[in-house]
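The structure appears right after this line, and notes come after that.
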Amino acid sequence: MNSLAKLLEAALFASPRPIPTEELAVLDDEASKAAVQSALDELREHYNVDGHGVELVEQGGGWQILTRPEYTEAIERAQMAIRPHRLSGAALETLAIVAYRQPIGKAEIGEIRGVDVGAILKSLLERGLVEVVARGEGLGRPLLYGTTPLFLEQFALRHLEELPRIDELAIALRTSKPAEDEAGASTEPVPAGSA
Amino acid sequence: MNSLAKLLEAALFASPRPIPTEELAVLDDEASKAAVQSALDELREHYNVDGHGVELVEQGGGWQILTRPEYTEAIERAQMAIRPHRLSGAALETLAIVAYRQPIGKAEIGEIRGVDVGAILKSLLERGLVEVVARGEGLGRPLLYGTTPLFLEQFALRHLEELPRIDELAIALRTSKPAEDEAGASTEPVPAGSA
Amino acid sequence: MTSPHQGATGETSFVVELSAFNGPLDLLLSLIRDEKVDIYDIPIANICKQFLERMHELALNDAADYLEMAARLLRIKTLMLLPRHEGLDQWEDPRAELVRRLLEYQQMREVVDVLERLGEDRRNRFARSWTQTLSAPPQAPLALSLAELLLAVDRVLRQARKPVMHDVVPRALDVDGAIAIVRAVLALRANARWRDVVRLDAEPWEVLSALLALLELARRSELKLAQSRPFSDVEICRELAGEAA
């Protein structure tokens, strides 16, 4: 490819929106509009002839590099198949507190964990594991959170009462096999006083 | 290019983040990890030999297509993309300490830098370059910080071990031994595992 | 920022000057470099004097971190003046701790140079900023196990201060929670129905909790319960006598 085509490729790749031909001409003072047009043709040809996963298309008032339609399905499928996401130790702790203390406000969770839990709570909400179940009393009527049916499903619980009582916890921990190996534990951000 | 290379190109084009090899392997059930690796090599070769405005790099825990540096200025001048701000010296110092000493608390960072690092740490957290990875022992159970995958990405590192080892630095100094027993910190110079 | 060398350029602003050095150790290190003195044998009186001068020039007199370092330097200077006892071979150099810190800092500055170079390289390349919306991006499935959750509970219990967590028990019924829900609903409107305070897929304990909550609130005259005919939906009406908001 000629150097103008390479420059256009880089610019089209980096730009967050389609770029019209006239704007592309700004990239190189010395390039005429005709030169830009022929460089675009060269780039498009190159993607087509050479066998690429992407193509150059003119749409939305400008030029864009798009992935070819025949690959979109595989990409979407792959996003589904991406290895299951493990919750971080911090997220699990927050979830545990919500499960045992619901309905509970953000401030109270933060007090127990000793850190601000806003971001973690947000991601648990997005994942559908907790939800707002009420508003609390007092200043600002804080949102109170509880666990969702999905939470029960994910942990294979029929209802919340199936969670061991705190005073039974030690026994439950001894009998239940910790998920997998140390792989899980090593990514555990919490300094395990136990493990 | 072979069809796997084209598929990988499409997937890499579709993602603003680096994609790890294992996730790329999910794109095609029939492709072995070796096949994915050789397709990646083919793609990288193609971009290099054939003269493209972009290149394939391995960094930040995965593979990513990036524009070649020689086009950056023109693209920025044409305001088609914006370069991220350069980090301040104070931010870089703090990052350097976190990278080498993680997990590390605010007080300890401040001691090494000789200044209070609260504000800097907050902005690094907001930028997603460091995160809370644990809580320390002792008074108040201080938060301990570590670097994120985004840190690797923004400094074009494949993993933390790519940073120079402490004993490779010109100023050789046995620093006070890191943490205590943290499994991660046992490999003296650079704590393993970015996770 | 590499080694920040800038002669005090006249009357530059406070902020600019502050950012010229990344802290007292940075300033100290630059003095040591400028004076070409051995870091292991710092002429402390001289360096201390210069440090104070630069602090003054740079208008850093109010910066706590710099003040602390100045105090430290003065203390070391005093200790160096104390007569050493001839017989005592156990003399500990008062500068030792400072030297250790300076070396540690200097080492870190080397890493900063590396990071700066790497960061600059990366800044010179653009990643794809426009992403094709394929379809709604599905979230990766979750891998969760009850054992993991219980371990998290255990950690929380270990970490939590006792007074906060001593009452952590699964509640068979959560009447307080249900009361909060009912009050929240009634805060929004004067009339509500059973279905407004109990979700359709409510667990039995939630249903019971809600029922007890309604009865309790009725007893406290915060609301009135009514049923227009048998088996119809229960109507919940706010009572003005309810407690002050």
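Values in this document were obtained by computation on a predicted structure and should not be read as measured data. All values below come from the heavy atoms of this structure, side chains included, with hydrogens, waters and symmetry mates left out. Every chain is numbered from 1 and lettered A, B, ... according to where its sequence line falls, protein lines coming before strand lines.
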(message) With chain B as the partner, which of A:L24, A:L27, A:V26, A:L43 has the greatest number of non-hydrogen pairs under 4.5 Å?
(response) A:L27
(request) For side chain to side chain contact (heavy atoms under 4.5 Å, CB included), just list the numbers for A:L66 and A:L56, CA-CA rounded to whole Å, side-chain angles, deciding distance to a tenth of an Å, and then say yes or no. (result) CA-CA 6 Å; A:L66 297 181; A:L56 181 64; over 6 Å; no
(message) Restricting to side-chain contact (heavy atoms from CB on, under 4.5 Å), what partner residues turn up for B:E45, sequence neighbours left out?
(response) B:N48, B:V49
(request) Side chain from CB out, backbone as N, CA, C, O: work out which of these in A:I19 comes under 4.5 Å of a heavy atom of chain B, or both, or neither. (result) side chain
(message) Please give me the minimum heavy-atom distance between B:L150 and B:G128, naming the atom from each residue.
(response) CB-O, 3.6 Å
(request) Salt-bridge test for B:R44 and B:E55: reply yes if a basic N is under 4.0 Å from a carboxylate O, no otherwise. (result) no
(request) Identify the two heavy atoms, one from B:T94 and one from B:A90, that lie closest to each other, and give their separation to 0.1 Å. (result) OG1-O, 2.8 Å
(request) Evaluate the side-chain proximity of B:L124 to B:V98: yes if any heavy-atom separation is below 4.5 Å, no if none is. (result) no
(message) I'd like to know if the side chain of A:T147 pairs up with that of A:Q102 as donor and acceptor (distance under 3.5 Å, no hydrogens or angles considered).
(response) yes
(request) Can you check whether anything in residues 2-12 of chain B gets within less than 4.5 Å of chain A, heavy-atom wise, and list it by number? (result) B:S3, B:K6, B:L7, B:E9, B:A10, B:A11
(request) Could you have a look at B:R68, B:H52, B:R77 and say which one has the most heavy-atom pairs with chain A under 4.5 angstrom? (result) B:H52
